Amino acid sequence: MNAPLIVLGLESSCDDTSAAVLRGREILSNVVMGQAELHAAFGGVVPEIAARAHAEKLDIAVEQALLEAGIGLRDVDAIAVTAGPGLIGGVLSGVMCAKGLAAGAGKPLIGVNHLAGHALTPRLTDDLAYPYLMLLISGGHCQFLIAHGPDSFERLGGTIDDAPGEAFDKTARLLGLPQPGGPSVEAAARDGDAARFRFPRPLLDRPGCDMSFSGLKTALLRERDRIVAEKGGLTTTDRADLCAGFQSAIRDVLTEKTRRALAIYLERKPCEPAFAIAGGVAANTAIRAELETLCRDAGVAFMAPPLALCTDNAAMIAYAGSELFAAGHRSDMALKARPRWPLDPGAAPLVGSGKKGAKA
Ligand code: KG4
Ligand code: ZN
């Protein structure tokens, strides 16, 4: 039997600088250096600041990942790097670093699509069989994908504007709650009355699996301003009710669109039907519970990889790289950093490009 592949992975497409070493499915190290404090004052990721920080931190992250894994660069079988989609300066930093390492150590180089990294994570954690249905929901991504293979994805739909995490973050900002918005809106919603405000459920009246979340925050802004004009400010109860109404609108949209995506997926007659979620928003208990129930009722296995592997990290890139490597993929020194790189080139383009860069 062949020894499991040892792959070094690099990720720098948004605001996390990460390097990881995998031996087969075993994660020997997964170093993630966040940049939240660098961007905190700006209310979003500043691409130039992110790129500079990646350029400064990547080799440190690689050194630490190798050290923690207890191996040297000579021991790796391949170097995998996110080559897009994402904020171009950061992606470039990663690609240049990986090219330098690959050329210096004489190792094969593999350019990985960041979204493929997310989409293949359930295979890293649970060895899920193809084809499975995936929902990526984070601050930068929102799409349904059927994974057929490491380089074969079918996109069933996605957001045409904001990602749901972005909507949570903006809502928190509008209500004076701390960032990241997801956890603080979820906490406030726990004591709220979801029925007090009736927020829109965008695109439910249209067929298909595309979603839209930007109108929700406008509706919330209007309600907030109306209350402030009437009463001079927001009470804790107002905030809780606004958060509960907002969260249930997002939950309803994701649930209905997942129901439709599952129906399309099940038409493909998968042998072991499975649905997996990934991304920061997958941490939301209310959303997760609803999707889990939906899957149980449809007889589909529900998977949610641990959060540390759902959010941006290089272990997922190393894993995707190892599957691509095993399938014969190799990149060379002409590997390009791509701001956009749809996983499914046949699907209609998604127009959204949010605060964290292109969505596909
Ligand atoms: O996957 P992630 O860490 O980063 C990228 O977007 O790439 O996702 C972060 C997003 C943020 O927008 C954050 O507000 C959201 O995930 N999030 C949540 C929760 N925890 C994090 N959204 C809703 N409910 C949560 N509990
Ligand atoms: Zn991501």
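Remember, predicted model here, so these are calculated numbers, not experimental data. Order of listing sets the numbers, starting from 1, for every ligand and every atom in it.
- Residue Asp238 comes nearest to Lys231 through the heavy atom pair OD2-NZ, 3.0 Å, listed as atom of the first residue, atom of the second, then distance.
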Donor-acceptor list for residues 56-64 side chains, cut-off 3.5 Å, not counting sequence neighbours:
from	atom 1	to	atom 2	distance (Å)
Gln64	NE2	Glu68	OE2	3.2

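- Side-chain contact between Gln35 and Ile49: absent, with no pair of heavy atoms (C-beta onward) separated by less than 4.5 Å.
- With hydrogens and angles disregarded, no donor-acceptor distance shorter than 3.5 Å links the side chain of Thr82 to the backbone of Ser13.
- In this structure, Tyr132 has its ring center no closer than 6.0 Å to that of Tyr265.
- Judged purely by distance below 3.5 Å, without hydrogens or angles, the side chains of Gln247 and Asn284 pair a donor atom with an acceptor atom.
- Those atoms of ligand 1 that come under 4.0 Å of a heavy atom in Gly140, given as number and element, are 6 (O).
- Between His118 and His114, the ring-plane angle classifies as perpendicular under the 30° and 60° cut-offs.
- Residues Gln179 and Asp169 are in side-chain contact: their nearest non-hydrogen atoms beyond the backbone lie under 4.5 Å apart.
- Applying the side-chain hydrogen bond (donor to acceptor under 3.5 Å, both in side chains) criterion to Glu154, with sequence neighbours excluded, gives His148, Arg268.
- Note: no N/O pair closer than 3.5 Å links Pro180 and ligand 1 by distance alone.
- Not one N or O of Gly279 is nearer than 3.5 Å to an N or O of ligand 1, by distance alone.
- Less than 4.0 angstrom separates some heavy atom of Thr311 from each of these atoms of ligand 1: 1 (O), 2 (P), 3 (O).
- Taking 4.0 Å as the cut-off, Cys14 does not count as a neighbour of ligand 1 on heavy-atom distance.
- Protein atoms that are N, O or S and lie under 2.8 Å from the Zn ion (ligand 2) are these: His114 NE2, His118 NE2, His141 NE2, Asp312 OD1.
- Applying the side-chain contact (heavy atoms from CB on, under 4.5 Å) criterion to Ala261, with sequence neighbours excluded, gives Leu133, Phe144, Leu156, Cys209.
- Taking every heavy atom of Gly139 and a limit of under 4.0 angstrom, the matching atoms of ligand 1 come to 5 (C), 6 (O), 8 (O), 9 (C), 10 (C), 12 (O).
- Every atom of ligand 1 is numbered from 1 in the order shown, and the set under 4.0 Å from a heavy atom of Asp312 is 7 (O).
- For the residue pair Asp162 and Ser214, no side-chain donor N or O sits within less than 3.5 Å of a side-chain acceptor on the partner.
- Within the set Pro164, Ala172, Gly280, the minimum heavy-atom distance to atom 16 (O) of ligand 1 is found for Gly280.
- Among the atoms of Phe168, none of the N or O lies under 3.5 angstrom from an N or O of ligand 1.
- Atoms of ligand 1 found under 4.0 Å from any heavy atom of Asp169, numbered from 1 in the order shown, are 11 (C), 12 (O), 13 (C), 14 (O).
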